[in-house]
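For the single chain, residues carry numbers from 1 onward in sequence order. Predicted model, so just to flag it, every value in this text is computed and none were measured. All values below come from the heavy atoms of this structure, side chains included, with hydrogens, waters and symmetry mates left out.
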Amino acid sequence: QVQLVESGGGLVQAGGSLRLSCAASGSIFSINAMGWYRQAPGKERELVAAINDGRPNYADSVKGRFTISRDNAKNTVYLQMNSLKPGDTAVYYCNAFIRTGSSNRLYWGQGTQVTVSS
């Protein structure tokens, strides 16, 4: 069974940094795109960053502050978050388009809480 597990969330002061990790495990044939979304209370889930074919894309609100990267050998995607703001507070979810022996579809992690204090 394929799983995505996030880690690295927590509480940080404004201006601080966090590094999120998301590792995929299971009977994986290949992984195409990977990305990060976030959802704050009362708001819709929004794209934060994604990487596909080695090319990163970012929401305008995080450009210059966040960096997404992948380690293909470890089936892991990272999100380095610098200069954090209270507005970054949300549950962060990773996702990945994963091909197995029987299917290919988008998978989601359970989420990790990021709280930025002011």
**Prompt:** Is there a side-chain contact (heavy atoms from CB on, under 4.5 Å) between Trp108 and Arg45 once you walk through the steps?
**Reply:** CA-CA 12 Å; Trp108 290 88; Arg45 188 173 299 186; 3.3 Å; yes
**Complete:** side chain to side chain contact (heavy atoms under 4.5 Å, CB included) filter on Thr115, not counting sequence neighbours, yields Leu11, Thr89, Gln113
**Item:** Residue list, side chain to side chain contact (heavy atoms under 4.5 Å, CB included) with Asn32, at least two apart or on another chain
**Value:** Asn52, Phe97
**Asked** Got a donor-acceptor contact below 3.5 angstrom from the Glu6 side chain to the Gly111 backbone?
**Response** yes
**Asked** Under 3.5 Å, is there a donor-acceptor pair between the side chain of Thr76 and the main chain of Lys74?
**Response** yes
**Item:** Minimum heavy-atom distance Ser17-Ser83, with the two atoms named
**Value:** OG-N, 4.3 Å
**Message:** Going by the rule side chain to side chain contact (heavy atoms under 4.5 Å, CB included), which residues pair with Glu46 if we only count those two or more places apart in sequence or in a different chain?
**Reply:** Arg38
**Request:** Can you see which heavy atom on Ser118 is nearest to which on Pro86, and at what distance?
**Result:** CB-CG, 3.8 Å
**Prompt:** Is Asp71 reaching over with its side chain to a backbone N or O of Ala73, donor-acceptor style, under 3.5 angstrom?
**Reply:** yes
**Request:** Under 4.5 Å between side-chain heavy atoms, chaining through other members, with only Ile, Leu, Val, Met, Phe, Trp and Tyr counted: pull out the rest of the cluster around Met81, sorted by chain and number.
**Result:** Val2, Leu4, Val12, Leu18, Leu20, Ile28, Ile31, Met34, Trp36, Val48, Ile51, Tyr58, Val62, Phe66, Ile68, Val77, Leu79, Leu84, Tyr92, Ile98, Tyr107, Val114, Val116
**Item:** Inter- and intrachain pairs under side-chain hydrogen bond (donor to acceptor under 3.5 Å, both in side chains), touching residues 93-102, at least two apart
**Value:** Thr100-Ser103
**Item:** Pairwise side-chain contact, Gln3 with Gln110, heavy-atom cut-off 4.5 Å (strictly under)
**Value:** no
**Complete:** By side chain to side chain contact (heavy atoms under 4.5 Å, CB included), Ser69 pairs with (sequence neighbours left out) Tyr78
**Request:** Could you tell me whether Lys85 and Asp88 make a salt bridge, using a distance below 4.0 angstrom between a side-chain N and a carboxylate O?
**Result:** no
